[in-house]
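Just so it is clear, the values below take in all heavy atoms, side chains as well, and ignore hydrogens, waters and symmetry mates. Sequence lines set the chain letters: A, B, ... in the order given, protein chains first and strands last, and positions in each chain run from 1.
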Amino acid sequence: MLQPELIQLLTASDLVDLRIDAIPKLQVGFSPGSLFSSFTSQDREAKLTFTFIPHQILLNKDHEFFEDGDIHRHLYLQNLSTCPVYDSPTARQCEFRCHISGCSQVFSTVEEYEHHYNTLHRHMCSSCQRSLPSARLLDIHIQEWHDSLFSILAERQDMYQCLVEGCSLKFRTREQRKDHMIKIHQYPSDFMFDKAKRIKKINIANKNRQQKGTSMEVSMSGSEPEDVCQVLSDQPEEEEYMELNHSLEPGILDPAANPINTVELSTDHDTAPILSVTIQPTTNQQRQQHNRERHSYRVPRTVCFGQGSVQAFRGRGRRI
Amino acid sequence: MWRLNAVRHKAGRQGSDLEEFKFKRRAHEKELRRARKDSKLVSKILLLNDDENEEDGTMDTLASDQVLELFKMVCQGRDLVKKEADLRALRKALRSPSAHLVLIRQQSSIAILVTNLRGPSPQCRLEAVRCLHELSQSPHSEVDSWRLRQATPYLITFISGQSPKFTELCLYTLGNMCPDSENVRNILLAQGIIPALNSCIQIHRTNLAVVEAVGFTLSQLISANYVTGRIIPAVLASGLIPHLLSVLTPVLTPDSQFGLGPVIECAWCLHYLACSNVDNGALVAQGTLLRCTSLLVTLGGAVAKGSIEEGMELLIWPLLRCVGNLLLSGPLGALQPQLNDSRLLAALCAFPQAFLQTHPALARESVWVLNNLTSAAAADSSVFCSALFYLNLVPVLIQLLPFSHGINIMVLRVLGNIAHQGREYCLHLAQAGLLPALCATLKMADPEVVTFSLEVLGQLVASDPQLAEEFVRQSGLPVLEAIQYSNQETIRLRAKHLLEHHLPPHCTVDTSASP
């Protein structure tokens with residue numbers, strides 16, 4: 001219960017010098033340039049932002065701070081405090097909340113929170129709100145999908161990097177890269193870690209539907225960039241890459257990333273895997289149908305996925 | 001001794017209906033909380049009489065005409081022996097609350113009781129005061145203390161008397177009457193209740209039951225509403241304080257019959273006096289701070305040895321509050337001689353550890369006292385802050401950070417106070433492991449916790465670049481970056497400022513478009 005040091009302190013014999021004024025005092029004060037000590041404009045701003053000042057607190061007897069103690073006293077006076085099994089409030093551990101605006105999930109341990117955060121908010125592409133498993137893959141994603149220069153350069157040289165860390169090979173096409181990863185690095189052929197396109201949402205606000213020219217459209221034009229890891233086929237596809245294979249860390253996918261407006265992540269924060277069916281490529285029309293069907297039995301209409309959140313660390317502003 | 005007897009009764013019943021008891025207690029607690037919010041939190045005490053111990057549960061409620069019959073006999077009787085018997089029967093009848101209404105509605109009933117109270121027969125006096133005592137704690141609002149006011153001059157006179165049992169009854173009766181109305185309190189004041197209490201506590205200082213009764217009555221008098229004007233100054237001027245303080249000796253091998261009762265009541269009196277803030281300088285001058293802190297140290301020692309007595313928290317609570325408020329009575333430097341025992345700091349850290357699960361509010365109040373020690377002028381508080389490091393108490397505080405109920409906020413205040421002392425203090429805080437702990441508190445749901453954490457963190461990283469680097473090593477940057485997307489602007493601003501000015505370069509993000 002109590003630490004041994006504390007016990008020792010409190011049961012010290014009278015021979016020990018217990019006087020506080022005998023204890024050596026640490027030096028008071030700051031070096032110049034620290035938060036509150038200088039008068040540069042930077043620190044003036046600091047003074048406005050950081051408002052805590054140490055102050056003593058006087059409490060009168062009716063203050064709510066004293067409520068529990070008063071109740072306990074009166075229970076004692078009224079003879080009701082003699083209960084062997086106490087019913088009084090016990091200290092709770094604080095909950096943790098995801099800070100990302102729009103995602104207000106709450107967790108009871110730090111580990112859960114960090115897992116959620118690493119899965120859904122870390123390494124998120126600002127342009128398309130997809131969450132990638134690592135900084136490196138995010139970089140690759142941005143380069144391959146949102147860098148117009150990339151496609152120009154890719155026509156003339158090998159630009160598609162192997163996704164395996166430490167392998168510095170590059171390839172002319174995605175297909176070649178995929179083959180390389182399957183043959184050399186023994187990745188499974190149905191490996192995927194990133195959602196290709198956003199699924200046509202059934203349960204989003206109408207105005208989102210009206211936005212053309214985004215990857216929300218069901219029909220894919222050739223100009224739409226392909227996914228980073230398009231292992232199923234060469235066609236750009238609207239598929240839900242939900243399956244998370246063992247070779248990569250769990251909790252990677254950002255399923256059906258919605259743009260801006262949806263708010264709550266109402267699913268379990270463990271996202272791996274939420275929906276575990278591998279989707280086969282289909283034609284556009286069928287796909288539309290397919291997705292709708294797949295959505296409806298796997299994803300109840302009232303569930304919203306995805307971040308409405310602002311982009312995280314990289315990328316160039318938001319796509320509306 | 002009222003409490004112990006009552007406890008024995010309850011214990012007898014508890015075995016069979018513990019669940020029911022807990023249910024009732026929870027409901028009762030809710031009522032009390034509501035009452036407190038309405039400033040109507042009042043308790044009255046009923047002394048059990050010795051002969052009732054055997055008879056408990058076998059009393060029948062008398063019909064109202066039977067009660068009236070008894071009363072008539074009391075009025076008419078001439079023979080004192082018979083009258084005593086009649087009064088006793090009446091008193092037993094009054095054990096059931098319905099009889100209270102019958103009696104109070106009977107004309108001149110109180111006057112008759114008062115006549116017997118001041119009459120020649122000691123036994124009749126005893127029974128009469130018992131009757132009045134029953135009435136004083138009646139659950140019926142019709143039976144209020146104003147109706148009983150004829151008795152007060154006699155009750156007050158008698159508490160300066162010699163017989164302990166009788167005095168005890170008078171005291172509890174008066175104590176029950178105090179909270180009801182300001183008018184009654186004014187009458188009591190005018191009739192000299194305070195000097196009477198003063199002489200009572202001196203006469204009966206070796207009788208713990210009476211001392212406890214004095215403490216209770218005084219606490220009822222000074223904890224009621226609207227008392228700061230006249231009553232509290234009168235108490236402060238009366239010479240009662242030294243007697244209250246003499247009760248606060250470290251009685252930790254308590255008398256088995258009385259327990260900590262007397263000390264508890266006197267401690268609550270001192271708390272009510274201190275938090276009224278009428279003249280705390282006078283309290284300190286008479287040695288209150290010294291006495292309370294010594295007792296807290298003794299209690300800390302008991303807690304350290306693991307011998308936590310039942311009811312100990314009832315004593316620790318008012319002592320903490322008294323000390324906490326008295327620390328503002330003057331410049332801390334002037335109070336330092338009374339605060340010179342380093343074990344006080346250890347005790348203030350031990351109480352939260354020991355009572356965290358059973359009484360988290362007590363843990364919070366203990367840390368509040370630490371706040372008041374560490375937040376005065378830098379020159380005065382630095383000695384306490386230095387001592388916390390020297391005695392290695394800061395890790396104990398850091399361990400309290402995961403806990404809600406206001407505990408972590410108060411701990412963050414204390415840590416912030418220490419950080420504000422200077423660079424040396426910040427370095428020591430980091431050595432004690434504060435930075436990883438802050439990484440955790442920054443992720444908590446309560447925005448106030450996050451704000452305070454940012455304040456403390458800000459002070460640390462700004463005081464020395466080593467600490468900024470250490471924070472980054474502890475993977476603190478992603479946490480701050482995440483915070484930049486918080487709903488709360490105040491939180492965002494703080495995080496942004498730290499990232500921009502005090503931490504190693506990174507990508508700042510434009511948050512102006514945040515929702």
Any heavy-atom pair between the side chains of B:Lys37 and A:Glu67 that's under 4.5 Å? yes
So, the part of A:Gln93 with a heavy atom under 4.5 Å from chain B: the answer is both
Can you list the residues that meet the salt bridge (charged side-chain N to carboxylate O under 4.0 Å, His left out) rule with A:Lys25, with sequence neighbours excluded? none
Specify which of B:Lys44, B:Arg321, B:Arg423, B:Gln399 makes the most heavy-atom pairs with chain A at under 4.5 Å. B:Arg321
Rounded to the nearest 0.5 Å, what's the gap from CG on A:Asp68 to CG on B:Leu362? Could you check? 10.0 Å
Report yes if some heavy atom in the side chain of A:Ile20 is under 4.5 Å from a heavy atom in the side chain of B:Gln336; otherwise report no. yes
Taking all non-hydrogen atoms of both residues into account, name the closest pair between A:Phe50 and B:Leu454 and its distance. CE2-O, 3.6 Å
Do side-chain atoms of B:Tyr425 reach the backbone of A:Leu26 as a donor and acceptor pair under 3.5 angstrom? yes
Test item: B:Asn371 side-chain N/O and A:His55 main-chain N/O as donor-acceptor pair under 3.5 Å: yes
Thinking salt bridges, do A:Asp70 and B:Arg33 make one under a 4.0 Å N-O criterion? no
Please classify the contact of A:Thr11 with chain B as side chain, backbone, both or neither, using a heavy-atom distance under 4.5 Å. side chain
Under 4.5 Å from any heavy atom of chain A - which part of B:Arg494: both
A:Pro54 and its side-chain contact (heavy atoms from CB on, under 4.5 Å) partner, picked from B:Cys385, B:Ser381, B:Ser375: B:Ser375
Hey, which of B:Tyr272, B:Trp317, B:Trp368, B:Trp268 is the one that makes ring-ring contact (aromatic ring centres under 6.0 Å, His included) with A:Phe66? B:Trp368
Interchain contact, A:Ile23 with chain B, by part (heavy-atom threshold 4.5 Å): side chain
With only heavy atoms counted, which part of B:Ala377 is less than 4.5 Å from chain A, the side chain, the backbone, both or neither? neither
Let me know if B:Asn417 has heavy atoms under 4.5 Å from chain A in its side chain, its backbone, both or neither. both
Which atoms of B:Ser219 are under 4.5 Å from chain A, going by heavy atoms: the side chain, the backbone, both sets, or neither? side chain
What part of B:Ala379 gets closer than 4.5 Å to chain A, counting heavy atoms only: side chain, backbone, both or neither? backbone
